[in-house]
Amino acid sequence: MNSDEALEKPITRDKVEALARRRATDPTTVAEVLHPGFNADPVSGGFAFASDRELLVYNVDGSRMYALTGTNPDELSSRVDQWWQETRHHNRTLSLDDVSAWHRAAIAAIVGGLDSVASLPADQREGISNIDVADHLLVTLRRHAREPTERALLRAIASDDWLLAAPRDSNRAHPCPVCGRTAIGTAWQYRSVCDTCYSRATCSHGRLVVGYNTSMGGGFEARHTDDDTVCGQVTCDRVVWVDGHRCRTGEAKFGGVFVGVAAPGSPL
């Protein structure tokens, strides 16, 4: 059984109860945790069931939470209420007036299909003191939104509170060392390529590859994207190619995988 089984929409009470029974050690222990507000909320609500194994809370939007907890009814109801309040917060509606000038500029650039805030008209760049900082936010928001629309971008910001914070001066974008587009991130002595070039990395045989962290404790492996086989060359020497440019790949400093070009004076 999948330890994190996902249900197909629409999410219904019967589906959630059936999932709770499949996950329970003893299906006869499954009981619904009723919460009138959560159960009636068509946007942030859903259904909750407790068993001898866990508390399963499933939202109508497909998000879910598994928690190890006791059997006390008040404790279970409190945990469901806490989850509901968090979900309502993440589903809140934001407008452009609710975000900073930095966010408004980044959103305008993304919606307009621009690669940099610098390409916006002057009146849309008011309050922006550093383009590199604004462009770092632009790339970050573009990565988190499902589509390049104002609604999707504001939804992404609402879902992750840290995205709502004013950008830090230390977070700055730079030109991609391969194509010149806006890029973010520096791993070790390597300047990261942009997101477009990242997806075009190939091994020495010209096959597209992607890198993975093999465990939480560290480790790196590269695989060919066409058949998901391990690429021994990239896994071993960490060398990839992007449009004829020799690049380096591997574990980033704080998780994830980078593709970059060595800074001047730093050997690959």
Is any side-chain heavy atom of [X] closer than 4.5 Å to a side-chain heavy atom of [Y]?
{"X": "R142", "Y": "D115", "value": "yes"}
{"X": "E17", "Y": "F47", "value": "no"}
{"X": "W102", "Y": "S129", "value": "yes"}
{"X": "P177", "Y": "V193", "value": "yes"}
{"X": "T235", "Y": "E221", "value": "yes"}
{"X": "D226", "Y": "L208", "value": "no"}
{"X": "V133", "Y": "R172", "value": "yes"}
{"X": "R23", "Y": "S51", "value": "no"}

Checklist entry - Same hydrophobic cluster for V230 and Y212, using side-chain heavy-atom links shorter than 4.5 Å among ILVMFWY? => result no
Checklist entry - Any chain of hydrophobic side-chain contacts (each under 4.5 Å) joining V139 to V111? => result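 Cluster IDs for V139 and V111 match.
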Looking only at heavy atoms, what is the nearest atom pair of [X] and [Y], with distance?
{"X": "V234", "Y": "C203", "result": "CG2-CB, 3.7 Å"}
{"X": "S44", "Y": "W84", "result": "O-CD1, 3.5 Å"}
{"X": "C247", "Y": "V261", "result": "SG-CG2, 3.7 Å"}
{"X": "T71", "Y": "L76", "result": "O-CD1, 3.9 Å"}
{"X": "W188", "Y": "E251", "result": "NE1-O, 3.2 Å"}
{"X": "A173", "Y": "D135", "result": "CB-CB, 3.7 Å"}

Checklist entry - Considering residues, nucleotides and ligands other than H205, do more than 12 of their heavy atoms fall under 6.0 Å from its NE2? => result no
Checklist outcome for this item: The reported gap from OG in S159 to CG in N91 (rounded to nearest 0.5 angstrom) is 6.5 Å
Checklist entry - What's the spacing between T140 OG1 and I184 CD1 if we round to 0.5 Å? => result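 Interatomic distance, T140 OG1 to I184 CD1, rounded to 0.5 Å: 4.0 Å.
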Say whether, by atom type as modelled, one donor and one acceptor occur between the side chain of [X] and the main chain of [Y] under 3.5 angstrom.
{"X": "D41", "Y": "F38", "result": "no"}
{"X": "R92", "Y": "A158", "result": "yes"}
{"X": "K9", "Y": "D61", "result": "yes"}
{"X": "Y58", "Y": "K15", "result": "no"}
{"X": "Q124", "Y": "A108", "result": "no"}
{"X": "S116", "Y": "S119", "result": "no"}
{"X": "D52", "Y": "T25", "result": "yes"}
{"X": "R223", "Y": "D228", "result": "yes"}
{"X": "T249", "Y": "F258", "result": "yes"}
{"X": "R64", "Y": "G62", "result": "yes"}

Checklist entry - Ring centres of H35 and W83 under 6.0 Å apart? => result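 No, the ring centres sit 6.0 Å or more apart.
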Item to check | Worked verdict on L153 versus H103 for side-chain contact (heavy atoms from CB on, under 4.5 Å) | outcome: CA-CA 10 Å; L153 287 157; H103 290 82; over 6 Å; no
Next on the checklist: Assess, by modelled atom type and distance only, whether the side chains of T87 and H90 contain a donor and an acceptor separated by less than 3.5 Å.
Outcome noted: no
Item to check | side-chain contact (heavy atoms from CB on, under 4.5 Å) between L164 and V99, worked out | outcome: CA-CA 7 Å; L164 188 58; V99 299; 3.8 Å; yes
Next on the checklist: Set out, in order, the CA-CA distance, both residues' side-chain angles and the distance that settles side-chain contact (heavy atoms from CB on, under 4.5 Å) for E86 and Q82, then state yes or no.
Outcome noted: CA-CA 6 Å; E86 292 174 359; Q82 179 183 353; 3.4 Å; yes
Next on the checklist: Set out, in order, the CA-CA distance, both residues' side-chain angles and the distance that settles side-chain contact (heavy atoms from CB on, under 4.5 Å) for I157 and I107, then state yes or no.
Outcome noted: CA-CA 11 Å; I157 294 170; I107 290 171; 4.1 Å; yes
